[in-house]
Amino acid sequence: MEVEKAGCTPITIDLGIVKVKEDLTDKVLDEISIQLQKYGLGLINTFKSIIVEKIKTIVIRYIHSADILPQKIDWYNIISSQLSQKYSSNQISRLFPIVEGVTLEHFIIIQKTRRAEELIFQNEFTLTEISKKLGYANLPHLSGQFKKVTGFTPTQYKAQRVERARKTSRSKKAPPSFKPI
């Protein structure tokens, strides 16, 4: 295990969380981080980072599991109620950009855009229905935020997906036909 290779003694190991006996220096943390990167993993070594990861999970789960998002959502109340320790909206709004590099509000817009992309790809709803499902007051509001994140309006994105699907279906060879003897 990479932690042991760095000279640390694991006390407990549970689903990606390792508690060690020693106090970890920055040098040891850097060494472990480099080793984990070889496996496509990262090191979350601060309490702040752990809290932000939990916040991100709450937001993503909420956006991707709701049938219809309300237009007005008290994200801070939702987040605080699902964390084991209560945090004020000020604490969350200050902490999130320090760790993540974007505001919580921008992260939410990005996640709503990702959900819109999925719904457009599924092709089960009109763009107006998608905007309502995601809690937007109207399609232009969704379109503006969607374009800021993706560079395309939802209509352009949908047209691009349709064109790719056509090209893919044209490029596939038709299966040989069999004639009875």
Side-chain angles (χ1 to χ4, degrees), residues 12-19 24 29-30 32-33 36-161 164:
T12 61
I13 302 172
D14 183 35
L15 288 176
I17 299 173
V18 179
K19 292 183 182 178
L24 300 177
L29 287 172
D30 288 343
I32 293 170
S33 182
L36 290 174
Q37 286 174 4
K38 293 177 184 176
Y39 303 104
L41 302 172
L43 181 64
I44 300 177
N45 61 346
T46 68
F47 181 71
K48 291 177 183 178
S49 296
I50 293 168
I51 296 301
V52 168
E53 286 302 313
K54 288 179 181 180
I55 292 169
K56 288 168 52 179
T57 300
I58 291 165
V59 169
I60 292 168
R61 189 176 300 136
Y62 192 87
I63 290 172
H64 289 264
S65 66
D67 279 339
I68 297 175
L69 294 173
Q71 280 188 22
K72 301 278 185 195
I73 300 175
D74 185 349
W75 285 105
Y76 296 104
N77 187 38
I78 291 168
I79 291 166
S80 184
S81 70
Q82 293 188 35
L83 293 173
S84 56
Q85 182 179 343
K86 300 300 175 211
Y87 293 90
S88 71
S89 58
N90 285 339
Q91 289 173 309
I92 294 170
S93 65
R94 281 193 314 260
L95 175 65
F96 198 89
I98 290 170
V99 174
E100 197 59 26
V102 297
T103 64
L104 177 61
E105 291 76 13
H106 188 69
F107 180 78
I108 290 166
I109 291 168
I110 291 168
Q111 293 311 310
K112 288 173 79 173
T113 300
R114 298 293 173 248
R115 181 67 178 137
E117 288 175 326
E118 290 172 7
L119 293 170
I120 290 168
F121 181 74
Q122 292 170 1
N123 205 26
E124 294 177 25
F125 304 100
T126 67
L127 295 175
T128 300
E129 290 170 330
I130 291 171
S131 70
K132 287 184 183 352
K133 286 179 84 54
L134 294 175
Y136 289 101
N138 52 45
L139 181 54
H141 189 200
L142 166 65
S143 294
Q145 288 190 343
F146 192 96
K147 186 166 184 163
K148 285 179 185 173
V149 173
T150 67
F152 300 99
T153 66
T155 304
Q156 292 168 330
Y157 183 81
K158 188 172 189 171
Q160 182 185 40
R161 301 291 287 185
R164 274 195 214 145

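In this chain, residues are counted from 1 in sequence order.
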V149 vs R114, side-chain contact (heavy atoms from CB on, under 4.5 Å): CA-CA, chis, key distance, verdict: CA-CA 9 Å; V149 173; R114 298 293 173 248; 4.0 Å; yes
Passing candidate, side-chain contact (heavy atoms from CB on, under 4.5 Å) with F146, options I120, T153, I130, L134: I120
K132 and I68, any side-chain heavy atoms less than 4.5 Å apart: no
Atom pair OG/CD of S143 and Q156 - distance to nearest 0.5 Å: 9.0 Å
Check: K48 side chain, L95 main-chain N or O, donor-acceptor pair, under 3.5 Å: no
Verdict with reasoning, K54 to Q82, per side-chain contact (heavy atoms from CB on, under 4.5 Å): CA-CA 9 Å; K54 288 179 181 180; Q82 293 188 35; over 6 Å; no
Straight-line distance of K133 NZ to R115 CZ, nearest 0.5 Å: 7.0 Å
Donor-acceptor contact present, side-chain S80 to main-chain Y87, <3.5 Å: yes
Spacing of E129 atom CD and L139 atom CG [to the nearest 0.5 Å]: 11.5 Å
Inter-residue atom distance I55.CD1 - I50.CD1, 0.5 Å rounding: 12.0 Å
Shortest non-hydrogen separation from I92 to P97 and the atoms involved: O-CD, 4.5 Å
Q91 side chain vs S88 backbone, donor-acceptor pair below 3.5 Å: yes
Min side-chain heavy-atom separation R161-K158 under 4.5 Å: no
Audit row: Q145, Y136, side chain to side chain donor-acceptor pair (under 3.5 Å) steps and yes/no: CA-CA 10 Å; Q145 288 190 343; Y136 289 101; 2.7 Å; yes
Quiz item: cation-pi between K147 and F152, 6.0 Å / 45°: no
Contact check, side chains of V59 and L104, non-hydrogen atoms, under 4.5 Å: yes
Pairwise distance CD1(I60) to NZ(K112) - rounded to 0.5 angstrom: 14.5 Å
Whether Y62 and W75 hold their rings parallel, tilted or perpendicular, with breakpoints at 30° and 60°: perpendicular
Qualifying residue, where the test is side-chain contact (heavy atoms from CB on, under 4.5 Å) with I63 and the options are L69, I73, I58: L69
Minimum-distance pair of heavy atoms, taken over all atoms of H141 and N138: N-OD1, 2.9 Å
T103 side chain near F96 side chain, heavy-atom distance below 4.5 Å: no
Spatial distance of atom CD (E100) from atom NE2 (H106) [nearest 0.5 Å]: 10.5 Å
Steps toward side-chain contact (heavy atoms from CB on, under 4.5 Å) verdict (E124, L119): CA-CA 7 Å; E124 294 177 25; L119 293 170; over 6 Å; no
